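Heads up: numbering here begins at 1 and tracks the sequence. Keep in mind that this is a model prediction, so the values were computed, not measured.
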Amino acid sequence: MALRPATVVPPDGRGFSLSVRFGGRKAARVPRNEGDHLVRTESMDQQTILGIDIGGSKCAVALGRTDGKILARQAIPTEGDRRSPQDVLERLAAIARDLLVSTKGAGKPTGVGVSCGGPLDTKTGVIHTPPNLPEWKAVPVRAFFEKALNLPVRVENDANATALAEWKFGAGKGTRNFVFLTMGTGIGGGLILDGRLYRGTNDLAGEIGHQTILMNGPLCGCGKRGCLEALASGPAIARLARESMLYGRHKRVLALAGGKPGDITAAHVVEAANDGDPFARQILDEAGTYMGLGIANVIQMLNPERIALGTIAVHAGDHILDPIRAAVAEYAWKRSADVCQILPAALGDQAQDLAAIALWAVE
Ligand SMILES: [Zn+2]
């Protein structure tokens, strides 16, 4: 049965859930070592972690526990086009200090987890010009927060961090070999292999969206042609819908986009498909087949036991999962495909917060 959410979020899935205003308010500062007298929790599952999610449109600071419970959070728009990286980081540090004051009873955090779009270097904690934050050139995020918050800091790219969160708290729970794939503005991936996050030689493992699926295919944002991301991501689904309009069966999708072909997004296609529109279902069928082909390659290579898919799969449900599973059955070995479940991600709106916190929820 298809999942039918009450509202379809934009394909990047990053709506604002809570905002805080900064009307010239001076941030409260935690006196040095103030939290030291508080009783430290014993169990690994009850440690307190400060999670910082840095996204292209919004950032959030959350205080949570290593068992996945969020105790408090605040989000702000990133405004990366008019604020310097330093400015954004200072605002986040101020929010973090406020949160720590307001949740003093929760105990001093064990560490800070920072989840951010890559590329970034997990060893140095330096962010290198992510596509969603083009002004962030060699920003030493870990060094900044270590100094600003006086706590140990781990930095991870958001796809890997979300993979850890889904593995620890969501759709990948209980598995040893798990693959998480984002399916929104882009297609990113995170690999849990033999019970550990696999990063590769220089943090570039899991770039599943940039495997070549179609020789001389559409141009990808990465500069190559025919990448999976250029065939099955949110923007690719919107492009498929616009291009297929020539066949004249597009009325429902076009109406959802206010009659403007240029405004069609994957969210419109998903909404129309959920309403039973055959044109929209055909578009998702095509994108899903490409996605399934890419996933079949992953299954051939890694033999995972579960693969969870983000945003579009969550909102379109079986309208995209059915063609994905059909392509996997066709292109992957049966013995590999038979042991691999393909299902939607489970953490929903909490994924970003839990991603940052999950960095300290694993060994
Ligand atoms: Zn690419």
Side-chain angles (χ1 to χ4, degrees), residues 1-18 55-58 75 77 132 162 166 170-171 180-188 209 218 221 228-292 294-295 307-327 342-352:
M1 207 181 83
L3 297 172
R4 289 177 59 97
T7 52
V8 174
V9 298
D12 65 1
R14 293 182 176 222
F16 294 179
S17 51
L18 181 67
S57 58
K58 71 148 179 70
N132 63 352
T162 311
E166 285 285 347
F180 169 73
L181 280 173
T182 63
M183 202 180 173
T185 310
I187 294 177
L228 179 59
E229 182 169 304
L231 295 162
S233 63
I237 287 170
R239 180 184 52 73
L240 271 174
R242 283 193 296 271
E243 287 175 1
S244 308
M245 282 174 47
L246 293 170
Y247 300 107
R249 298 199 295 122
H250 56 277
K251 290 198 179 66
R252 175 81 180 123
V253 172
L254 191 60
L256 288 171
K260 295 180 190 159
D263 288 353
I264 292 174
T265 65
H268 299 132
V269 179
V270 170
E271 189 176 344
N274 286 341
D275 287 347
D277 181 64
F279 170 78
R281 288 192 179 174
Q282 192 187 324
I283 299 296
L284 292 185
D285 203 61
E286 189 174 344
T289 302
Y290 285 125
M291 192 70 187
I295 288 174
I307 298 180
L309 308 174
T311 315
I312 290 172
V314 172
H315 292 284
D318 287 345
H319 297 312
I320 195 110
L321 290 170
D322 282 348
I324 287 174
R325 290 177 182 132
I342 299 169
L343 71 182
L347 297 179
D349 293 344
Q350 287 201 313
Q352 270 82 37

With rounding to the nearest 0.5 angstrom, report the [atom1] to [atom2] distance, [X] to [Y].
X    : Y    : atom1 : atom2 : answer
I312 : I237 : CD1   : CD1   : 4.0 Å
I283 : R242 : CD1   : CZ    : 11.0 Å
H268 : L254 : NE2   : CG    : 10.0 Å
L228 : I295 : CG    : CD1   : 7.5 Å
L181 : I187 : CG    : CD1   : 7.5 Å
L231 : R239 : CG    : CZ    : 6.5 Å

Side chain of [X], backbone of [Y]: donor and acceptor closer than 3.5 Å?
X    : Y    : value
E229 : G186 : no
N274 : H315 : yes
R252 : G276 : no
T182 : G184 : no

Only one of I307, T162, L309 clears side-chain contact (heavy atoms from CB on, under 4.5 Å) with F180; which? T162
So, for [X] and [Y], which heavy atoms are closest and what is the spacing to 0.1 Å?
X    : Y    : result
F279 : A241 : CZ-O, 3.6 Å
A273 : H319 : O-NE2, 3.5 Å
A171 : P344 : CB-O, 3.8 Å
A272 : V253 : CB-CG2, 3.8 Å
G310 : A345 : CA-CB, 4.1 Å
A266 : G234 : CB-O, 3.5 Å

So do the side chains of L284 and P323 get within less than 4.5 Å of each other, counting heavy atoms only?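 No - every pair of side-chain heavy atoms lies 4.5 Å or more apart.
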Mind checking what makes side chain to side chain donor-acceptor pair (under 3.5 Å) contact with E166, not counting sequence neighbours?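 For E166 there are no side chain to side chain donor-acceptor pair (under 3.5 Å) partners, ignoring immediate neighbours.
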Is R325 paired with D318 through a side-chain N to carboxylate O contact shorter than 4.0 Å? yes
